[in-house]
Amino acid sequence: MRLAETVTFGGSGLDRAAELRADAGRVAALLAGGRVLPIWRGKPLIVAQSGLGWVAAESVVLCGGEPVFLGLDEGVARFAQDISGWKPEVLEASQPAGFVDANRQGHPALPNDHAFEDLRGVMALLTPREAELAATAKAVLQWHSTHRFCSSCGVASVMSHAGWQRSCAACGAHHFPRTDPVVIMLVVRGNKLLLGRSAAWPEGMYSLLAGFVEPGETLEAAVRREVFEETGITTGAVRYLASQPWPFPASLMFGCIAEATSDEITLDPAELEDAVWVSREDLVAVMAGQHLKIKPGRKGAIAQFLMGNFLAERLD
């Protein structure tokens, strides 16, 4: 798909400078003159109407945690640091945290237009470079927070290689950030597209079917298995279209298109609350926010990206 890399988080050509990660002295020098993205409880620092919020390495905001080297951005060294240990005196939680947490958390050492925000809520507003940096930062820091102990011997491990490894002093094992592959698919049958919804989703929210790829499975096989397991629909030809890093917490979404070979839906209630065939005409109304039952998808997600290009016949 020629437009594949225009998806949100689709990449911006960031120089990740992986060759520098093992050079602790060089990384320290880069940090001294670089910029750091603080992330608090999974939320990156955002400047209202401006994008990501960067601070200097000596900023008082950076309490606890260790910096992860993200790469070189037009000559500027970019880092990220988890400051989830910070406990604000005033927790700004005016709205209940739902599918997207709309609460903005300010910091007393920062201007009022700086706040920690859910990346889902701002991802479509970021530049491609900012989106790549934010996705990388969130995914790697989340991995560190959940993999603090060696999976070989159980002893606490330490961050190494500028944040791109964890090393165990006890058994010598090295561990690397993981990414979980997920297929998400346009399932088509003539003029119709298959959509589904989970019971936990907000009312009116439907999306493309999706699921994790299992060990020993190809993308094509995963597409066919997931569609059949969730809806009872059989599929034939499967074609890859585009991918999207999805740092919630650490997936890589593989967008595909699959030709359905059956029509009758048989739901697996453990997976889906509902699934429907939607015509192209109805999908136009959905995308425009004019459908009576189905609300438009979240901007920035690959599902919305694939559906929009499906309607525009830009899947080549």
Side-chain angles (χ1 to χ4, degrees), residues 9 21 24 27-71 73 76-123 125-126 130-149 156-167 175 177-178 245-250:
F9 304 135
R21 294 171 183 170
V27 171
L30 288 171
L31 177 62
R35 305 294 287 172
V36 184
L37 176 67
I39 294 187
W40 177 75
R41 299 183 184 178
K43 295 181 176 182
L45 183 63
I46 302 294
V47 182
Q49 309 302 319
S50 298
L52 298 180
W54 300 91
V55 300
E58 65 272 16
S59 171
V60 296
V61 174
L62 301 175
C63 57
E66 297 180 69
V68 171
F69 177 49
L70 303 177
D73 174 17
V76 178
R78 300 289 185 181
F79 291 78
Q81 189 165 327
D82 186 355
I83 65 162
S84 295
W86 170 62
K87 296 181 179 179
E89 292 184 7
V90 179
L91 186 63
E92 299 172 11
S94 58
Q95 303 181 57
F99 197 78
V100 175
D101 186 350
N103 294 298
R104 303 175 71 252
Q105 179 63 51
H107 193 288
L110 295 170
N112 291 334
D113 62 348
H114 288 55
F116 296 98
E117 298 189 43
D118 190 334
L119 184 56
R120 289 183 182 91
V122 299
M123 59 185 178
L125 306 177
L126 301 177
E130 288 179 318
E132 182 176 359
L133 288 164
T136 303
K138 180 172 168 57
V140 175
L141 290 175
Q142 171 68 20
W143 174 76
H144 280 292
S145 72
T146 58
H147 291 74
R148 295 182 296 114
F149 297 89
S157 59
V158 296
M159 186 186 293
S160 62
H161 286 70
W164 289 91
Q165 288 188 35
R166 292 194 70 86
S167 301
H175 307 282
R178 62 174 292 170
W246 192 244
F248 307 103

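Small disclaimer: the values here were computed from a predicted structure and weren't measured.
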Verify whether the ring centers belonging to H107 and W86 lie closer than 6.0 Å. yes

Should D73 and L133 count as side-chain neighbours, where that means a heavy-atom distance under 4.5 Å? yes

Is there a donor-acceptor pair under 3.5 Å between the side chain of R35 and the backbone N or O of W54? yes

Are K43 and E117 ion-paired here, with the side-chain N under 4.0 Å from a carboxylate O? no

Say you draw a straight line from CG of L37 to CG of L70; how long is it, rounded to the nearest 0.5 Å? 7.5 Å

Would you give the length of the straight line joining atom CH2 of W246 to atom CZ of R120, rounded to the nearest 0.5 angstrom? 6.5 Å

Measure across G53 and P38 and return the closest heavy-atom pair with its distance rounded to 0.1 Å. O-CD, 3.5 Å

Under 3.5 Å donor-acceptor, Q81 side chain and C63 backbone: no

As a test of understanding, state which of H147, H144, H175 forms a side chain to side chain donor-acceptor pair (under 3.5 Å) with R166. H144

Could you tell me which non-hydrogen atom of L141 sits nearest to which non-hydrogen atom of A80, and how far apart they are? CD1-CB, 4.0 Å

Side chain to side chain, M159 and V68, heavy atoms closer than 4.5 Å: yes

Flag side-chain contact, heavy atom, 4.5 Å: F9 against L119: yes

Kindly indicate whether the side chain of F248, heavy atoms from C-beta on, has any atom under 4.5 Å from the side chain of Q142. no

Could you pull out the closest heavy-atom pair between V36 and A57, with the gap in Å? CG2-CA, 4.1 Å

I need the E130 CD to I46 CD1 distance, nearest 0.5 Å. 7.5 Å

Of the non-hydrogen atoms in L126 and G51, which two are nearest, and what is the gap between them? CD2-CA, 4.0 Å

Should L45 and I39 count as side-chain neighbours, where that means a heavy-atom distance under 4.5 Å? no

Hey, does L91 have a side-chain heavy atom less than 4.5 Å from the side chain of Q105? yes

Taking side chain as C-beta onward, heavy atoms only, is V55 less than 4.5 Å from L110? yes

In Å and rounded to the nearest 0.5 Å, what is the CG to OG distance from D113 to S50? 6.5 Å

Distance in Å, L31 CG paired with R78 CZ, rounded so as to fall on 0.5 Å steps: 13.0 Å

Residues A135 and P247: closest non-hydrogen pair is O-CB, 3.5 Å

Any side-chain to backbone donor/acceptor pair from S157 onto R148? Under 3.5 Å, distance only. yes

How far apart are the closest heavy atoms of W40 and I83, and which atoms are they? CD1-O, 3.3 Å

When rounded to the nearest 0.5 Å, the distance separating CG of D118 from CZ of R41 is 14.0 Å

